[in-house]
Amino acid sequence: MELSHLYHALLALEMCFSVIMVLCNPVSLKGNLDSSPFPSSFLFGTASSSYQFEGAYLSDGKGLNNWDLFTHKPGNIVDGSNGDVAVDQYHRYLEDLNLMNYIGVNSYRFSISWARILPQGRFGSVNKAGINHYNKLINTLLLRGIKPFVTLTHYDIPQELENRYGAWLSPEVREDFKYYADICFKHFGDRVKYWVTFNEPNVAVIRGYRSGLYPPSRCSSSFGNCSSGDSENEPFVAAHNIILSHAAAVDIYRTKYQKQQRGSIGIVMNAIWYEPISNSYEDKQAAERAQSFYMNWFLDPIILGKYPLEMQEILGSDLPVFSNHDQKKLKSGLDFIGVNHYTSFYIRDCMFSVCEHGPGSSKTEGFALRTALKDGIFIGKSTAVDWLYVYPQGMDKIVTYIKKRYNNIPMFITENGFGENDKSDSPTEESLNDLNRVEYISGYLDTLAAALRKGADVRGYFLWSLLDNFEWTSGYTIRFGLHHVDYATLERTPRASAIWYKQFIANHTSPQEFSA
Ligand code: BGC
């Protein structure tokens, strides 16, 4: 036997052995059906987004979106790649549904490409081929016993809106979003029972208008390297328009569709757990402020009708104001909160003490410095992803925090997952043997279970992600998949984590719950 064959055979053996170890490990798969904290209606799924998965960027009448333009500009994506093909789920969804059925998920979170439905926003006609595509996907999912959990926009918007009026910076965008949402409810709402208006608008505005790292690449010179923008003002204007766009879509859903269609609608936030770096009153207050300037920024107006008090006090007239009419529309403006939780950070106060310049320390971020280090030790194991530290307790803490602040409104964990560096130079088997990912997921699910046992109304969990995919500005250099994707052939291969998740789901659900 050649040496390289022997090496591959040994790796394959090691992978089998690891999977057996993983499946036999009583801690990682702890719990059986009788003691499972996950109710029988609980959704177990995987999550994805149109730009990161679909590819087919010019197929069947799709219009160009902001990410098409952004990725095609040299220098924006670390490996010079783009989502033109991505993992080609537009054409390969049947194959991907087989993978989902194999794992045994009962739900799939995906997003609709706005520019595939409305290539020119409300300034052009509806693209029938786009409607047909999502009809096929939704119908097949349902036939396979998988509930569609649909996001209207996951960072991607028709470029037309950017060109015409600066997209989120203009109140005009609310009309566009309302128009688009109405079309989606009308065409798909008889079968889609879970709607998300926005994926992580906090990340979209911070990266789009404060650091300028995402389109439309706007920022002030002290915050990043952009040709124009105003990092201290524009994120708040864009957020305000997003919040009111969300409210407009919810209003349409509630008044025109919800009664007959009987679905629910929510928003998905990126949710980081912020741990005070010390027990001091100042650091504890700073951790609260960090949450307000990141997640509550959107959730407070939508649920409570006003911006968090800390934001009002610190930002004063820089924070846009809601009219009485807006406030009425906003209150209780969702049926569930989508929580994308991956990581945690320490927070140090910068309001009462002087601290070094860094992420979170500015006025626009609430004078709350974010750091992963305390006394030279990381909050959790560091990973290939610069913002991802493994801190499983954060899941319980963030869920319990949201439960308290918003009176236990139903929640879904709409994303949680583990990224690794692309190791194209090493044999694929190495990447298939992803025990770090298994350890991560199992730890986070354990503490999620603890939060449920304490009464948190969490109704579903979606892993990011079914497949490796286009990881925004990191391109294809970071892999988040339960399945490895060979980007030359687009072949999908299950990792140990896919097998682990399959077993976890089987242990926490009864088989009949998954029949079509
Ligand atoms: C985003 C995904 C992204 C994932 C991993 C989430 O914040 O919604 O689009 O791929 O994190 O970075």
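Just follow the structure's listing: the first ligand is 1, and inside any ligand the first atom is 1. Along the sequence shown, residues are numbered consecutively beginning with 1.
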Exercise. Using distance alone, decide if ligand 1 has a nitrogen or oxygen within less than 3.5 Å of any nitrogen or oxygen in E200.
Key: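 So ligand 1 has an N or O lying under 3.5 Å from an N or O of E200.
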Quiz item: Taking the six-membered ring for Trp, are F412 and F336 parallel (under 30°), tilted (30 to 60°) or perpendicular (over 60°)?
Solution: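 F412 and F336: perpendicular rings.
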Quiz item: In terms of the angle between their ring planes, are F44 and Y501 parallel, tilted or perpendicular, with boundaries placed at 30° and 60°?
Solution: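 Rings of F44 and Y501: perpendicular, over 60°.
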Which of the numbered atoms in ligand 1 are under 4.0 angstrom from any heavy atom belonging to [X]?
X: Y342; answer: 4 (C), 5 (C), 6 (C), 11 (O)
X: N340; answer: 8 (O)
X: N199; answer: 8 (O)
X: N270; answer: 7 (O)
X: H154; answer: 1 (C), 2 (C), 8 (O), 9 (O)
X: Q52; answer: 2 (C), 3 (C), 9 (O), 10 (O)
X: E471; answer: 3 (C), 5 (C), 10 (O), 12 (O)

Taking atom types as modelled, is there a side-chain donor on [X] or [Y] under 3.5 Å from an acceptor on the other?
X: D434; Y: Y440; result: no
X: D422; Y: T477; result: no
X: D335; Y: Y194; result: no
X: D156; Y: S50; result: yes

Quiz prompt | Separation of W67 CH2 from T473 OG1 (nearest 0.5 Å) | solution =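 One finds 6.0 Å between OG1 of T473 and CH2 of W67.
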Quiz item: atom 3 (C) of ligand 1: which of W472, F470, F480, Y155 has the nearest heavy atom?
Solution: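 Among W472, F470, F480, Y155, the closest heavy atom to atom 3 (C) of ligand 1 belongs to W472.
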Practice problem: Give a yes or no on whether the backbone of D96 and the side-chain of R492 come within a donor-acceptor separation of less than 3.5 Å. | Solution: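 Flag not set: sc R492 to bb D96 has no pair under 3.5 Å.
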Practice problem: Give the residue and atom name of whichever protein heavy atom lies nearest to atom 2 (C) of ligand 1, and the separation in Å to one decimal. | Solution: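 The closest heavy atom on the protein side is E415 OE1, 3.5 Å.
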Exercise. Of the side chain and backbone of N469, name the one, both, or neither that has a heavy atom under 4.0 Å from an atom of ligand 1.
Key: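 For N469, no heavy atom sits under 4.0 Å from ligand 1.
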Exercise. May I ask you to identify, for W387, whether its side chain, its backbone, both or neither come under 4.0 Å of ligand 1 on a heavy-atom basis?
Key: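 Looking at W387 and ligand 1, just side chain atoms fall under 4.0 Å.
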